Structure formats: C-alpha cells, structure tokens
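Presented below is the structure to which this report refers.
Counting convention: from 1, in listed order, for ligands and their atoms alike. As the structure is a prediction and not an experimental result, all values here were calculated from the model. Nothing fancy with the numbering, it's 1 onward along the sequence.
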Amino acid sequence: MADYRKMWEDLGMDLETHDVLCEVLPQAFSDVYLSQKNRPEGMAFYDFVVSEIHGVRPAELIEHQKKGGKVFGTFCIYVPDEVVFAAGGISTGLCGGSQFWVPGGEKALPQTTCALIKASVGARLDATCPFFKIADMYIGETTCDGKKKAWEVLSKEVPMHVMDMPQMKRPKDFTKWEEEIKTLIEVVEKETGNKVTPEKLAEQIKVFNNKRKALKRVFEARKHDPVPISGKDALLMIQIAFYDDPVRAAEMANKLADELEQRIKDGVAVFPKGTKRIMITGTPMAIPNWKLHHIIETSGAVVVAEEACTGTRFFENLVDESQTTIDGQVKALAERYMKNNCACFTPNEGRIEDILRYVKEYNVDGVIDVNLKFCTLYDIEGRDVEAALKKEGIPVLGLETDYTDTDAEQLRTRIGAFLEMID
Ligand code: BJ8
C-alpha cells in the first residue's frame, strides 16, 4: 500500500489504533477473498480498492476538497446522491461494517443498538476512519430509531443534515419526500456554493441510472446456473459501489459484467452446476462484513442474490430521465426512491413480493433471512417474510448475528443443517 500516514495525520486520526486495523484487514481479506478459486479477472479492481481502502479514495476526496469541493457522508440508500453531485459535491457511503469500531460506538450508545450504528459512530468518535474525518457534512435520515438518535451524537462532531423519511407510502408521503429532496437541494447548494440546475441534475440522474444498470448486469449473470461469480465477490462490488465514484463504479461493474457474460458463454463457473443456490434477505452488510457469505460459500452452497440495501434494493428501479424542470426531476427522484422496500415502512408488503419474485428469477433453492442483532424493524418483519416463504414451500432459515466472530461456528452448524435439508 502507498504511504498515506501523512494524510491520516493531517486528518487528525488516531494512527496507533488505526494501525491495528491496517494490520488485521489484509489477512482477513486474504482468508475470505483471495483464497477463492477461479475468480473473475474483473475482481482485481475491487481487490486493489480493498488493499488501499483507507488511502486511494480518501486521497481523491481530499483532492476534490483542495479544489474547493465538498464531501457529504451518507448512511442510507434513500439519500438521493444525484442531488449532491448535481451541486458539484461528492457523496460517499459511511456505514460501518467492522466489529473494530463497535466498542467506540458503545461509549456513546447503548450496547443494545445494532452493530451498524455502533460501528458508524465508533469510527467517527475513535478517529480511525478517514472517510468519517473527511466529510464536510453528514446526511442522515429518520429511518430507524437507533439512527435518529445516532445523528444527535454525530451532530456534536460534524455538521449534520437529517432528511425526514416518510414511514408510509400514501400520496401525501410521496409529496413529503419531494419536499425533503427540495430541502436537501437547498442544503447542498448552501454548503457547496453551487446551484443545482435542471441540466446538472439531468446529467447526474443519467450517471446514477447508468450505475444501477451496470450493477444489475452483474446480478443478471448470477441468475445463471452454474454461477460465473461468487456471492462474496458480488457483495464486494456492491459494498465498494456504495462509496466509490459513480462513473467509475459503473465502468468497473460493466467490465465485470462483460466478463461474466463471456464466462457464461464459455461455461466457466466458480461453483459446479447444481450447487445449492441461496438468497439472503434482511439487514444490510456494510464493508467489511463478509461473515455470512463466507460461511455459506465454504459450506457447499453459493449466494446468488441479496434482497438487501447491499443488494437488489441498491439498483432496482431507475429514475425517469425525461423530466426537464427541477420540480419534475424531484418528483421523479421521489418516486424512484420511495419504491425501495425498507422495513422502516409500514406496511411493507412490497418487500415480500420482491423476495418471492427474486426466488423465481434467481432460481433460489433456499432463503436465509438475516437480522443484525438489535434491529427491531427487520427482526419483526422477518416473521412475516419467513411465513410467506414457508407458505410457498420455499426453505427458509432465520438467523440473527452481529459483527463478532463468536457465533461463527454456531452459524456454520445451523447453515450446514439447513443446506442438508434442502433437496
Ligand atoms: S433503506 S435498511 S440503508 S435504513 S440494521 S441501522 S434499520 S437498526 S440500515 Fe438501512 Fe436505509 Fe433501510 Fe437500507 Fe437501523 Fe436496522 Fe441497524 Fe439499519
């Protein structure tokens, strides 16, 4: 890895503690990722990004700031990145996916908060993640209670704008989300000093639609049996796309998709035909949370889809590109983002419909419904999800876990038994 110490020092990071993270990540990545056989060549880009995870993209963001640009940190796929980029800003996903940051979060939050929130707060408070230090402003949202309260903690550290997310999908909720997007436009315009024009917004709507189309191409290739890419690799692509430059994310995903389509023609696969095909549904898996995929794929099955924000929810549905006024574009953005079926909505039947549809589309043999411990939303909704799958005769296993490794063996046993049960 190039030497980024000076950059981290200038950001005011705790270098000593950060060194511990830098020491463990390469080994973990090697064990989980580099040990896989016959990976697509297109994964080399993503391997490189991980090898420089706290260096290469942060350096680009700092370059942008040196030119007078602003960086916005986000935590949810409801935040419309198009608006930030249309104002000449850069948005970057900040959700924490490592146990390393959890104890830091527990200093400010109850232990009974989900690991994603604790890790995100810990990464900032412990000063061990450059992305959290670089962002000029965070954009939060009122999705779950834990996040709402976490914004209050983080707002003492960094300027914070919170989008008030509707919790239902009635016509007036769509109108409300339009209003929230308009407020976001004002906030980013003020922060960046740049006007969001219809031309700039139209351009960014296309950029993000292209990114969605590229990610979807990779997922389309996963529908094939035998699969040309592991679930772990597809997950890594999505995790990196959450914070990478959107044009590059599309370019790299398209390159990977080209290769996967060729692999399908040539009969090249990473798992033999007939390997049990698993879909994961539930809470998001922020980088470097690869735990469940790794256990499944080293237990004789393959993950072929994720119905999650680090999966289909991230790229499904495009924004209408035909609008030419800010009002029309905001309406189009609101309509697209409100199609996401997160458990923060009530009711949220659309998610169950999505899951049942994906089971067919991805030729799924069994579904694992995973809940991040202390996430009440997905925990409660999981009961309906599992009942709906059982009703259709689709094998389903409900699991709850966190970012620690202490339950890895127990999970392996349960997943092994589940796989045996699938015909
Ligand atoms: S759209 S899933 S990214 S809110 S796991 S922090 S819900 S207690 S992350 Fe999410 Fe947006 Fe929804 Fe997706 Fe709370 Fe649950 Fe933790 Fe969660």
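A salt bridge links Asp407 with Lys291: the closest approach of a Lys/Arg side-chain nitrogen to an acidic carboxylate oxygen falls below 4.0 angstrom. Using a cutoff of 4.0 Å between basic side-chain nitrogens and carboxylate oxygens, Glu251 and Arg248 are not scored as salt-bridged. Between Glu261 and Arg217, at least one side-chain nitrogen of the basic residue sits less than 4.0 Å from a carboxylate oxygen of the acidic one, meeting the salt-bridge criterion.
Comparing Thr376, Asp379, Ile117 by heavy-atom distance to atom 6 (S) of ligand 1, the nearest is Ile117.
Between Phe29 and Trp290, a ring centre-to-centre spacing shorter than 6.0 Å is recorded.
A side-chain N or O of Glu82 and one of Tyr337 form a donor-acceptor pair less than 3.5 Å apart.
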Solution key, residues 385-394 side-chain donor-acceptor pairs under 3.5 Å, sequence neighbours excluded:
none

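Listed by number with element, the atoms of ligand 1 under 4.0 angstrom from any heavy atom of Cys114 are 5 (S), 6 (S), 8 (S), 16 (Fe). The contact set between ligand 1 and Cys144, taken as ligand atoms under 4.0 Å from a residue heavy atom, comprises 6 (S), 7 (S), 8 (S), 14 (Fe). Close approach to Thr283 involves these atoms of ligand 1, each under 4.0 Å from a residue heavy atom: 5 (S).
Protein heavy atom nearest atom 10 (Fe) of ligand 1, with residue, atom name and distance: Lys147 NZ, 3.7 Å. Counting protein heavy atoms only, atom 15 (Fe) of ligand 1 is closest to Cys375 SG, 2.3 Å. The nearest protein atom to atom 2 (S) of ligand 1, hydrogens excluded, is given as Tyr378 OH, 3.2 Å; this is a heavy-atom distance.
Annotation: cation-pi geometry satisfied between Lys223 and Tyr362 (NZ/CZ under 6.0 angstrom from ring centroid, within 45° of ring axis). Both tests hold for Lys169 against Phe345: distance to the six-membered ring centre under 6.0 Å, angle to the ring axis within 45°.
Lys147 places a side-chain N or O within 3.5 Å of a backbone atom of Phe75 that can act as its donor or acceptor partner.
Only protein N, O or S atoms were scored, and 1 of them lie under 2.8 Å from atom 11 (Fe) of ligand 1.
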